[in-house]
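Lettering of chains follows the sequences in order, A, B, ..., and the numbering in each one begins at 1.
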Amino acid sequence: MIKVSFPDGAVREYDPGTSSMDIARSISEGLARRILAASVNGQVWDLNRPIYEDSAIKFLAWDDKDGKSTFWHSTAHLMAEAIEARFPGVKFWVGPPIDNGGFYYDIDLGGRSITEEDLRALETDMAALAKKNNPYVRKAISKADAVAYFTEKGDEYKLDLLQNLEDGNITLYSQGNFTDLCRGPHIPSTGLIKAVKLTNIAGAYWKGDEKNKQLTRVYGISFPSQKELDEYLTLLEEAKKRDHRKLGKELGIYTMDDDVGQGLIMWMPNGTIIIEELEKLAKETEGDAGYHRVVTPHIAKENMYLTSGHLPYYADSMYPPMELDGEKYYLKSMNCPHHHKIYAAEPKSYRDLPYRLAEYGTVYRYEQSGELFGLMRVRCLHMNDAHIYCTKSQFESEFRAVNDMYLKYFKIFGIDKYVMRLSLHSPEKLGIKYVNHPELWKETEEMVRQVLIDSNIPFVEVQDEAAFYGPKIDVQIFSVIGREFTLATNQVDFSQGRSFKLEYTTAENETDVPLIIHRAPLGTHERFIGFLLEHYAGKLPVWLSPAQVKVLPISDKFMDYAKVVLGKLKAAGVRASIDDRNEKIGKKIRETELQRIPYMLVIGEKEMNEGKVAVRRQGKGDSGVVLVEDFLTVISREITNRSNED
RNA sequence: GCCGUUGUAGCUCAGUGGUAGAGCACUUCCUUGGUAAGGAAGAGGUCGAGAGUUCAAUUCUCUUCAACGGCUCCA
């Protein structure tokens, strides 16, 4: 007998060779019907795989992350079966589940292409195949047999996969007429897949390398019931409504134009107000933290970018140079070199450090055309940039102060869904993507890691994401459509101080090179505002809102009083206007609501006679009649406090 | 940059091998209305751009530009 223990601590005995499914059935039929896979000693297993040893078991159902991935992975195989039946001779690369929902399969269609109509037909095929309730059958196979099998099939992709697999560790999975090289696990049978949606078709380089052939990737998602699929589709629709590109247009935040160029944002009056509020916040905060503000040009000569390392490392993402008087000038892709020159303009002693230079710097980056994305990925951006020059002993407290600044900002904006990422270099890319100082990388990476640990900030470590000049902490956020972006960044630079020959005189009257911190807690205006629009679903807090109050007279009989109210609002520094159109109040309210203007002041006879206003909060309806002065007190406080409540 | 999709009025979108339509927005008039769309009339587009096929192209073909979905990339 084998001992099987459960998450609640219970232990039961079973015959060796019992499967997780048998065990589930011995507990309850309902459980057996619900589960998709099992975790056996921490590994996800097929439910029908026999267990021969004492094991800790946990059943995985749809509400489990691993249950979902297993389900989606199995659906990918189901899709492959349907595709192979419809397009004989196609070859499959890999078909994994996706973390944030669904699955894909990369396919070599052999010159054919798949259309939207094909997807609809494949969905029908898949539903029919699912209905057959074919079991997913696992078969362990020797490497030699596997190679023979796929050689006969002429499947160079699976043979390629096999190269990196160890003999004795190779399994095939089959369901219906489809067999795939796969480590599994899978759900018991296709009948569990009740609803499938194939969402899109895309190209994807084989092994993710753009030098390789491009395969066709088909994305899909599936659910154990039609209802859940419908809910998912509704959720997608909702997400689209808060897409910053849609809101940006509806709210008059920004525009782009073919004549201006790709990825070049023009901020409209409403967007500019947001920018100015953000800059005001940044200037206050940085002023308090001892930063000096500077302003630098948008271009510089080639030589500076050779010194900085930008040209050797990042020439591809800089705009090509313009030539003047026989000199090459580049649009700047970073502000740091200019700031270094300001540092170097006057001799520094240790008494001058930390020396902090801040600028909302405009930089230009030649992003690949296919990568541009609304406000989130653009070619001209305005960075909340600053560089801190400090001694080694000051580094930790400076770096930590920057982190504290992040957290302060995030609290103001109510940002809580982000991932702090410690971005490290890759040793094999030293001298290619990263400056070649292995010992400095090691030292500074440890230093940054320690700051995070000491500050009790949860973080993930990722290789090969560092800046070319040093490790960094990135704050990763997700757009409503699920794309990941670095919102803010806090970077160590042990390299440029040397390349620019920056120095300071130490207390011992010696010369030393400062460490540099590059930081951008508010990222760039473009990405940050794009993020905020989605974060707030367009309902910006009052202090940030381009229009804060709309005065809505019931009819033009009350226009004079409305103007008095407007005058008081403006005198108090509130951004307000009157809807003086000849429209009914219902329509004025509807349009103001749609513009996400936080406060509406409805004014009619009663309000006029009593010196009051009827307040309506955006999204919340009528919230009562108050004296104009009382309203002013409330809104002024909300603005001054940069209140995030509504 | 690569694969795929799309491009018609300010916006959202119909439509056709015989030089275009709706709703909203806009303008004017009527209406002076109390918490999410009052009524009427009017104006507005060389159908992304260029070339080709055709008696005739917004429609078919090619090129190009841009947007979108991915891939690659992202200091």
Side-chain angles (χ1 to χ4, degrees), chain A residues 104 106 109 113-116 199-219 240 243 245-246 249-250 252 255-259 261-263 305 308-310 313-314 316-318 332-337 363 365-374 376-378 381 383 385 423 433-434 465-470 472 474 481-486 489 491 493 496 518 520 527 552-559 581-594 600-607 614-623 625:
Chain A
Y104 66 80
D106 282 349
L109 291 166
S113 66
I114 275 191
T115 64
E116 288 287 327
T199 46
N200 57 47
I201 311 160
Y205 299 110
W206 183 43
K207 295 186 178 179
D209 187 335
E210 62 182 324
K211 289 183 202 76
N212 285 342
K213 178 172 183 175
Q214 200 159 58
L215 304 176
T216 302
R217 177 173 293 181
V218 180
Y219 284 87
K240 273 190 193 154
D243 188 311
R245 292 166 296 182
K246 186 171 163 65
K249 176 168 264 184
E250 284 172 3
T255 189
M256 293 191 264
D257 191 283
D258 285 0
D259 287 340
Q262 277 188 295
Y305 295 113
S308 70
H310 287 93
Y313 290 101
Y314 287 102
D316 283 353
S317 40
M318 291 179 76
K332 66 178 173 182
S333 63
M334 283 290 274
N335 303 300
C336 35
V363 302
R365 297 179 182 182
Y366 184 72
E367 304 285 2
Q368 295 189 65
S369 64
E371 259 312 318
L372 300 171
F373 176 67
M376 302 270 198
R377 192 82 183 272
V378 295
L381 37 130
M383 285 185 81
D385 212 356
S423 300
K433 189 173 170 184
Y434 304 108
E465 289 288 350
F468 73 81
Y469 43 67
K472 55 181 180 150
D474 293 317
I481 65 163
R483 281 203 205 164
E484 182 176 354
F485 289 99
T486 300
T489 186
Q491 314 177 343
D493 178 355
Q496 288 192 47
H518 303 235
R527 192 169 286 178
L552 307 177
I554 301 269
S555 81
D556 57 16
K557 280 194 270 184
F558 314 110
M559 199 60 77
R581 294 173 310 161
N582 182 5
E583 294 291 351
K584 292 181 124 175
I585 192 68
K587 181 158 188 168
K588 291 182 180 180
I589 286 172
R590 176 183 159 77
E591 289 181 8
T592 313
E593 286 279 349
L594 289 175
M600 283 153 267
L601 301 181
V602 177
I603 283 174
E605 180 135 32
K606 207 174 81 189
E607 289 77 17
V615 180
R616 181 185 167 106
R617 190 71 166 88
Q618 200 275 342
K620 304 216 163 152
D622 195 343
S623 45
V625 179

Notebook entry, point to check: Any idea which of A75(B), U35(B), A25(B) is nearest the D622(A) side chain?
Noted result: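 Closest nucleotide to the D622(A) side chain: U35(B).
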
Next item on the list: Go through G34(B), G33(B), C74(B) for me and flag the one nearest to the E367(A) side chain.
Entry: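 Given the options G34(B), G33(B), C74(B), the side chain of E367(A) is closest to C74(B).
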
Next item on the list: Could you say whether K249(A) or I603(A) is positioned toward the 5' end of RNA chain B, judged by the nucleotide with the nearest heavy atom to each?
Entry: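 The answer here is K249(A).
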
Margin query: By nearest heavy atom, map E583(A) and F558(A) onto RNA chain B; which one lands nearer the 5' end?
Written below: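 Nearest nucleotide further toward 5': that of F558(A).
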
I'd like the [atom1] distance from [M] over to [N], given in whole Å.
{"N": "U61(B)", "M": "U16(B)", "atom1": "P", "answer": "15 Å"}
{"N": "A49(B)", "M": "C13(B)", "atom1": "C1'", "answer": "22 Å"}
{"N": "U12(B)", "M": "G17(B)", "atom1": "C1'", "answer": "27 Å"}
{"N": "A40(B)", "M": "C55(B)", "atom1": "P", "answer": "48 Å"}
{"N": "G48(B)", "M": "C65(B)", "atom1": "C1'", "answer": "8 Å"}
{"N": "A22(B)", "M": "G45(B)", "atom1": "C1'", "answer": "14 Å"}
{"N": "G10(B)", "M": "G69(B)", "atom1": "C1'", "answer": "26 Å"}
{"N": "U6(B)", "M": "G18(B)", "atom1": "C1'", "answer": "27 Å"}

Next item on the list: Check if the side chain of R365(A) and the base of C73(B) share a donor-acceptor pair of N or O atoms closer than 3.5 Å.
Entry: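 For R365(A), whose side chain was compared with the base of C73(B), there is no donor-acceptor pair (under 3.5 Å).
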
Notebook entry, point to check: Between K588(A) (side chain) and P553(A) (backbone), is there a donor-acceptor pair under 3.5 Å?
Noted result: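 Looks like yes, one N/O pair under 3.5 Å.
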
Check: Looking at OH of Y219(A) and OG1 of T199(A), how far apart are the two atoms once the value is rounded to the nearest 0.5 Å?
Finding: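 Nearest 0.5 Å value for the OH-OG1 distance: 8.5 Å.
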
Mind checking if [X] touches a base, just sugar-phosphate, or nothing, with heavy atoms under 4.0 Å?
{"X": "E605(A)", "answer": "base"}
{"X": "I585(A)", "answer": "sugar-phosphate"}
{"X": "E607(A)", "answer": "base"}
{"X": "Q491(A)", "answer": "sugar-phosphate"}
{"X": "G604(A)", "answer": "base"}
{"X": "H518(A)", "answer": "nothing"}
{"X": "K211(A)", "answer": "nothing"}
{"X": "K606(A)", "answer": "base"}

Complementary nucleotide of [N], counting Watson-Crick and G-U pairs under 3.5 Å:
{"N": "G52(B)", "result": "C60(B)"}
{"N": "G7(B)", "result": "C65(B)"}
{"N": "U19(B)", "result": "none"}
{"N": "C2(B)", "result": "G70(B)"}
{"N": "A41(B)", "result": "U27(B)"}

Item checked: Member of K207(A), R217(A), Q214(A) meeting the side-chain contact (heavy atoms from CB on, under 4.5 Å) criterion with D106(A) ->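 Output: one option passes, namely R217(A).
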
Check: Is the phosphate of G39(B), meaning OP1 or OP2, less than 4.0 Å from a side-chain N or O of K587(A)?
Finding: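 Negative; the distance criterion is not met.
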
Quickly work out the [X] [atom1] to [N] [atom2] distance and round it to whole Å.
{"X": "D493(A)", "N": "A75(B)", "atom1": "CG", "atom2": "P", "value": "14 Å"}
{"X": "K584(A)", "N": "U32(B)", "atom1": "NZ", "atom2": "C1'", "value": "10 Å"}
{"X": "Q618(A)", "N": "U35(B)", "atom1": "CD", "atom2": "P", "value": "18 Å"}
{"X": "E593(A)", "N": "A36(B)", "atom1": "CD", "atom2": "C1'", "value": "7 Å"}
{"X": "D556(A)", "N": "G34(B)", "atom1": "CG", "atom2": "P", "value": "14 Å"}
{"X": "M600(A)", "N": "U35(B)", "atom1": "CE", "atom2": "P", "value": "14 Å"}
{"X": "I114(A)", "N": "U5(B)", "atom1": "CD1", "atom2": "C1'", "value": "14 Å"}
{"X": "Y469(A)", "N": "C74(B)", "atom1": "OH", "atom2": "C1'", "value": "13 Å"}

Between [Y] and [X], is there a side-chain heavy-atom distance shorter than 4.5 Å?
{"X": "T486(A)", "Y": "R527(A)", "result": "yes"}
{"X": "R365(A)", "Y": "M318(A)", "result": "no"}
{"X": "L372(A)", "Y": "M256(A)", "result": "no"}
{"X": "S423(A)", "Y": "Q491(A)", "result": "no"}
{"X": "H518(A)", "Y": "Q496(A)", "result": "yes"}

Notebook entry, point to check: Could you run down nucleotides 62-70 of chain B 5' to 3' and tag each one B, S or - for protein heavy-atom contact under 4.0 Å?
Noted result: ----SSSBB

Margin query: Under a 4.0 Å threshold between the charged nitrogen and the carboxylate oxygen, would R616(A) count as salt-bridged to E593(A)?
Written below: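 R616(A) and E593(A): salt-bridged.
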
Next item on the list: May I ask you to establish whether R483(A) and F373(A) are in a cation-pi arrangement, using a distance under 6.0 Å from NZ or CZ to the six-membered ring centre and at most 45° from the ring axis?
Entry: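 Flagged: R483(A) positioned over aromatic ring of F373(A).
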
